[in-house]
Amino acid sequence: MHFKGLPHKKAFHMAWPMILSNISAPLMGIVDTAMLGHLESPLYLGAVAIGANILALLLWMFAFLRMGTTSFVGRAFGAGDTDLLQRQLGQSMALAVIAGFALIALQWLIVPIAIGWMAPNPEIAELATRYCHIRITAAPAAFITFVVIGLLIGLQNTRLPLVITVAANALNIGLDVLFIMVFDWKSDGAAWATLIAEVFAGMLALWLGGYALRRYLNIRWHRPSLQSLLDGNAWAEQLRLHGDLFIRTALLLFIFNFFTAQSGQLGPVVLAGNAILMQLVLFQSFGLDGYAHAAEAMGAKALGEKDLNGFKRSCGANFSAAIVLALVVSTGLLVVKQPLIGLFTNISAVAESVASHYHWLVLFPLVSVWTYILDGIFIGAGKTRIMLLTMVVAVFAGFLPLWWFTQALLNHGLWITFLIFNTIRGASLGWAFYTLSARHKWF
């Protein structure tokens, strides 16, 4: 396979809207962090760090709705099976609504447990609890957005997800300025701004999803029939794929929240500093994920068409471009170190904490880019059981033992463990990719 013969142009046209969309997605947290980092106390920043991580755990545990929908839609679209596509889309939408309202109903049980685990400081705990109860109300809208974005990516349209994300984040930024800087609502203002933005995103997603169905499939957005929702074969495939992704995502978010909890044990300054660094980790990872989404969509469509050569070519194009992008991101982070830290906080102790651990952030894109692209490939192919097994290995044979043995290194040990965890994920998925390719097991 020659580098020049790969579908680089198609990969780029698929990836660039998702890069912009994914970069703008964590802007909700970044804007909150930057504004709260300039208030008189680090307590508000710490509260939002904990509250946002809990919401990430609760909401992004259901990110399988986005990933699974892309896989189903992409393969059905490639095969030209619109009936199957509509059945699986209807079931994904039903799951989204049920899960969203279930999460609202269970918040009074889940949030106190999570806050008690992650927030040893009682003042931070109170602020973080209010933040969670405000934001969780948007769960049904957030889950509907996941499904519609999965639909759009599966239909090979990555520009409409960009419209949804940018519009929602522009609204969130405006409301952040109003609620935090003008009304002085502090961490509560950050929560209300994000809630309103997520509800708006859900409404916009439904409208654009209907438009995409009419344009690409010549079918109308309609209420799914009871028969399609109860189709046993479609549900079996849904539950298998979604179940694997659910557990895999839960383990990944456990690591993120464990990281934040351990940061809190090292003191409020370290917690605030790591909150800034973690926002930058999410920022760069969501950007690199643009090519992962392209690999996901292109690979799923090629496999639906039974085009193995096209599948391999899409993998090669997205791999090579993502590696170049990772080098650019790491170099950029190194160049803008001081102004970037100053943008996020003027609290000297927090700034010093960020600066002393910044080199781990610079290394992160080079270590994790392999994981992002391989995740996209395996999601598109529907090989989710492999993703689950490699995540189990990375967590229980990698992260937790390494964390235990590096505690004496304090926050540096925490960051070393986090980087090695991502290295293990990438290496194990890479071995699985090689094995499936050598044995011709992608179909």
Side-chain angles (χ1 to χ4, degrees), residues 53 56-57 60-61 63-64 67 243-263 274 277-278 280-289 291-293 295-296 315 318-319 322-323 325-327 329-330 333 357 359-381 383-439 441:
N53 274 279
L57 175 63
W60 281 97
M61 276 177 66
F64 65 81
M67 295 181 282
D244 291 341
L245 290 173
F246 176 83
I247 300 170
R248 171 258 181 197
T249 305
L251 288 171
L252 179 59
L253 291 173
F254 162 76
I255 293 299
F256 276 93
N257 283 273
F258 184 89
F259 186 98
T260 301
Q262 293 305 311
S263 300
N274 279 359
L277 288 169
M278 191 55 71
L280 291 169
V281 165
L282 292 174
F283 187 78
Q284 60 84 29
S285 67
F286 286 170
L288 292 172
D289 248 351
Y291 275 102
H293 290 315
E296 193 177 326
C315 293
N318 286 291
F319 256 123
I323 292 167
L325 182 59
L327 288 168
V329 170
S330 285
L333 286 171
H357 299 89
H359 53 285
W360 302 121
L361 175 67
V362 173
L363 288 173
F364 200 85
L366 304 176
V367 168
S368 59
V369 62
W370 313 93
T371 303
Y372 303 150
I373 298 298
L374 286 163
D375 272 348
I377 291 169
F378 279 87
I379 290 168
K383 303 293 185 182
T384 52
R385 185 57 49 87
I386 293 173
M387 295 177 64
L388 172 58
L389 293 176
T390 56
M391 179 62 75
V392 169
V393 170
V395 171
F396 294 103
F399 184 92
L400 293 177
L402 284 167
W403 164 76
W404 177 261
F405 287 111
T406 59
Q407 289 183 81
L409 298 175
L410 301 177
N411 201 34
H412 285 291
L414 197 56
W415 279 101
I416 290 170
T417 300
F418 191 51
L419 260 72
I420 294 177
F421 160 73
N422 281 280
T423 303
I424 293 171
R425 287 178 61 205
S428 56
L429 284 171
W431 176 254
F433 180 90
Y434 169 78
T435 302
L436 286 172
S437 298
R439 297 178 180 177
K441 294 289 188 181

* Can you tell me how far CG of L389 sits from OG1 of T384, rounded to the nearest 0.5 angstrom? -> 9.5 Å
* To do: Taking the side chain as every heavy atom from C-beta outward, state whether F421 and V395 have any atom pair closer than 4.5 Å.
  => yes
* Asked: Could you state the interatomic distance from CG (L436) to CH2 (W431), rounded to the nearest 0.5 Å?
  -> 11.5 Å
* What distance separates F433 CZ from K383 NZ, expressed to the nearest 0.5 Å? -> 12.5 Å
* To do: Mind checking the CG-CD1 spacing from L402 to I424? Nearest 0.5 Å is all I need.
  => 6.0 Å
* **M61 versus T249, closest heavy-atom pair with distance** => CA-CG2, 4.0 Å
* Asked: Closest heavy-atom contact between I416 and L409?
  -> CD1-CD1, 4.1 Å
* **Side-chain heavy atoms of W360 within contact of F418, under 4.5 Å** => no
* Does the side chain of L245 reach to within under 4.5 Å of the side chain of I379, using non-hydrogen atoms? -> yes
* Structure fact -> For A292 and I373 the tightest heavy-atom approach is N-CD1, 3.5 Å
* Side-chain heavy-atom pair T390, L374 within 4.5 angstrom cut-off -> no
* Taking S428 for its side chain and R425 for its backbone only, find out whether a donor-acceptor pair lies under 3.5 Å. => yes
* **Residue pair I377 / F319, side-chain heavy-atom distance below 4.5 Å** => yes
* When rounded to the nearest 0.5 angstrom, what distance separates CG in L333 from CG in L280? -> 7.0 Å
* To do: Would you check if the side chain of Q262 reaches a backbone N or O of F259 as a donor-acceptor pair within less than 3.5 Å?
  => no
* **Test salt bridge (Lys or Arg N to Asp or Glu O under 4.0 Å) applied to D289 - qualifying residues, sequence neighbours left out** => none
* Atom of L414, atom of W403 and distance for their closest heavy-atom approach -> CD1-CD1, 3.9 Å
* With a 4.5 Å limit on heavy-atom distance, are the side chains of D244 and M387 in contact? -> no
* Is the shortest heavy-atom distance from the side chain of S368 to the side chain of V281 under 4.5 Å? -> no
* Any side-chain heavy-atom pair of T260 and F256 under 4.5 Å -> no
* To do: Working to the nearest 0.5 Å, report the span between CZ of R439 and OH of Y434.
  => 9.5 Å
* Asked: Nearest heavy-atom pair of L429 and I386: which atoms, and what distance?
  -> CD2-CG2, 4.5 Å
* Shortest non-hydrogen separation from W415 to L277 and the atoms involved -> CZ2-CB, 3.6 Å
* **Donor-acceptor pair between N422 and W370 side chains, under 3.5 angstrom** => no
